[in-house]
Amino acid sequence: MKKEFNKLTVMGLGYIGLPTAAVFAARKIQVCGVDVNKSAVETINRGEIHIVEPELDMVVHATVSEGYLKASLSPEPADAFIIAVPTPFKEGNDPDLSYIEAATKAIAPVLKKGDLVVLESTSPVGATEHMAKGIAEFRKDLRIPTENRSTGNFDIFIAHCPERVLPGQVMRELVENDRIIGGMTQDCAEKAKELYEVFVHGDCLLTDVRTAEMAKLTENAFRDVNIAFANELSMIADKLDIDVWELISLANKHPRVDILQPGCGVGGHCIAVDPWFIVSKTPDLARITRMAREVNDAKPEWVLKKVDEMLTNISAKSSDENTVVSKVACYGLAFKPDIDDLRESPALGITTTLAKKYPESVMVVEPNISEVPHSLKGKVTLVDFDYALKNADINVILVDHKEFIKSADRLRQVSNIIDTRGIL
Ligand code: SAJ
């Protein structure tokens with residue numbers, strides 16, 4: 001343990017803040033995690049967790065029982081502060097920095113000379129400087145570095161260290177991944193590096209704050225563009241009667257080609273959001289970034305059209321005029337395989353639209369949840385895999401959960417199947 005960091009305050013106890021607080025606490029640093037959600041605070045103080053992430057429960061339980069981690073509604077004085085609050089977008093795809101502003105306002109009164117403040121939230125370029133200016137406004141008694149690349153002596157160290165962990169593998173990736181650390185000054189970057197070296201086994205790569213902000217956005221925009229290419233190919237291949245999965249697998253045999261996989265759209269709270277932070281800063285220049293977002297956002301519509309076409313074909317073939325409306329089974333609601341996270345999920349969006357269009361006809365198979373979300377209550381039925389397979393007229397595979405992959409042979413035997421994930 002580094003002597004200079006005995007106490008840490010983490011603002012935001014969500015998918016990033018809580019695991020980060022827990023790994024520091026596991027290294028025997030006193031950590032106070034802060035959240036506005038009272039029930040989350042109470043849950044954590046009981047040694048339990050309010051989110052789903054493998055292995056996190058064990059670490060939280062251990063560190064709370066040993067007295068290294070506690071949760072609170074308001075921040076305490078510390079040697080370092082990490083801000084890990086959400087940065088969603090507002091109407092018009094502009095970033096909403098209000099959570100960062102609120103967290104900054106909350107920590108400003110307890111800051112003292114020599115403290116380090118790190119912004120971890122994925123942010124548009126300029127957000128760390130905006131945060132520093134916010135602190136400077138509240139604490140006129142402290143010398144705060146408010147501009148990137150400035151040198152000189154300051155009372156508070158300010159840095160940006162974007163999180164880059166993959167949901168589902170957070171506890172491993174937090175420790176193993178390299179970290180990009182952008183300092184408002186070189187001293188700020190060095191100070192933040194000392195903090196992260198407490199648990200990071202990967203390299204801590206130092207840069208300035210604006211480059212660090214842009215690096216994180218670049219990584220997610222790169223993935224979005226690559227997936228958009230795969231999604232575009234899937235629609236082109238369908239039109240030309242070519243199997244897109246075989247096509248991509250063959251093209252990827254080239255030593256310098258690595259195309260990602262098409263799906264029913266791109267979801268989650270990162271890849272579907274972050275590229276807009278680039279577009280909103282430089283709308284005229286970020287043409288590919290914007291187009292990729294548009295292509296990926298349009299993919300669910302294309303899937304819905306395929307379902308409509310299949311339903312029309314079924315009713316055209318049916319001789320019985322009184323045939324009941326066909327039953328549609330949607331396989332998967334989560335935004336990606338093997339998780340229970342439904343945020344910004346294209347599969348959830350598709351299912352919701354189908355349930356509206358075809359009332360009482362939609363069933364859902366989602367092995368990772370025990371009840372459907374509020375928005376679908378009474379509109380769809382949550383059924384098991386066998387039931388869906390036996391009773392559905394149309395089968396729409398939306399997520400490649402391991403349970404579905406395991407049963408691919410059985411899925412192959414049913415007719416009327418739309419496989420948006422290529423598991424067949
Ligand atoms: N997806 C596809 N095809 C693919 C890969 C993904 O359609 O070939 C879809 C998924 O189904 C999902 C969406 O993209 O709907 C996003 O999933 P993901 O696994 O690509 O990424 P996230 O959002 O879980 O995590 C990303 C990661 N970023 C990169 O891989 C560059 C992670 O490292 C970041 O820390 C995280 O965003 C974040 O917090 O920003």
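A quick note: this is a predicted structure, and the numbers were derived from the prediction, not measured. First listed ligand is number 1; within each ligand, the first listed atom is number 1. Atoms considered below: every heavy atom in the structure, side chains included; atoms not considered: hydrogens, waters and symmetry mates.
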Looking at every heavy atom in both Pro367 and Phe404, which two are closest together, and how far apart are they?
CD-CZ, 3.7 Å
For a quick check under 3.5 Å, do Asp419 and Tyr331 share a side-chain donor-acceptor pair by atom type?
no
By the definition salt bridge (charged side-chain N to carboxylate O under 4.0 Å, His left out), identify the one residue from Arg164, Lys216, Arg179 that meets it with Glu120.
Arg179
Identify, by atom number and element, the atoms of ligand 1 in contact range of Glu163, meaning under 4.0 Å from any of its heavy atoms.
35 (O), 38 (C), 39 (O), 40 (O)
Excluding sequence neighbours, so at least two apart, what forms salt bridge (charged side-chain N to carboxylate O under 4.0 Å, His left out) with Asp341?
Arg343
Nearest option to atom 16 (C) of ligand 1, as decided by whichever heavy atom of Gly267, Ala272, Pro262, Ser234 sits closest:
Gly267
What are the atoms of ligand 1, with element, lying closer than 4.0 Å to any heavy atom of Pro167?
24 (O), 25 (O)
Quick test: of every protein heavy atom, which one is nearest to atom 12 (C) of ligand 1, and how far off is it to 0.1 Å?
Phe335 O, 3.2 Å
Return the closest protein heavy atom for atom 11 (O) of ligand 1 as residue, atom name and distance.
Arg421 NH1, 3.1 Å
Atom 38 (C) of ligand 1 has as its nearest protein heavy atom Cys270 SG, 2.9 Å
A quick test of your reading: do over 12 heavy atoms of other residues, nucleotides or ligands sit less than 6.0 Å from CZ of Phe229?
no
Heavy-atom neighbours of Arg287 CZ exceed 12 at 6.0 Å
no
Can you tell which part of Arg343 has a heavy atom less than 4.0 Å from ligand 1: side chain, backbone, both or neither?
neither
Can you confirm whether His374 is buried at NE2, in the sense that more than 12 heavy atoms of other residues, nucleotides or ligands lie under 6.0 Å from that atom?
no
Atom 23 (O) of ligand 1 has as its nearest protein heavy atom Ile271 CG1, 3.6 Å
For ligand 1, is any non-hydrogen atom under 4.0 Å from Asp274's backbone (N, CA, C, O), its side chain (CB onward), both, or neither?
side chain
dist Leu217:CG -> Asp224:CG (nearest 0.5 Å) comes out at 12.0 Å
With a cut-off of 4.0 Å, which atoms of ligand 1 are near a heavy atom of Val165?
32 (C), 33 (O), 34 (C), 35 (O), 36 (C)
Please report which non-hydrogen protein atom sits nearest to atom 19 (O) of ligand 1, along with the residue it belongs to and the distance in Å to one decimal place.
Lys336 NZ, 2.9 Å
re atom 31 (C) of ligand 1, the protein heavy-atom contact at minimum distance is Asn220 OD1, 3.2 Å
Write out all pairs satisfying salt bridge (charged side-chain N to carboxylate O under 4.0 Å, His left out) with one or both partners inside residues 180-190, taking only residues at least two apart or from two chains.
none
Among Glu219, Lys216, Gln261, closest by any non-hydrogen atom to atom 4 (C) of ligand 1
Gln261
Do any nitrogen or oxygen atoms of Arg164 come within less than 3.5 Å of a nitrogen or oxygen of ligand 1?
yes
Report the part of Ile227 (side chain from C-beta onward, or backbone N, CA, C, O) that has a heavy atom under 4.0 Å from ligand 1; answer both or neither where that applies.
side chain
Any donor-acceptor N or O pair under 3.5 Å, side chains Asn416, Asp393
no
Indicate whether any N or O donor in one side chain lies under 3.5 Å from an N or O acceptor in the other, for Thr420 and Lys299.
no
Closest non-hydrogen protein atom to atom 25 (O) of ligand 1, residue and atom name please, with distance?
Leu166 CD1, 3.5 Å
In this structure, atom 20 (O) of ligand 1 is nearest to the protein heavy atom Arg223 NE, 2.5 Å
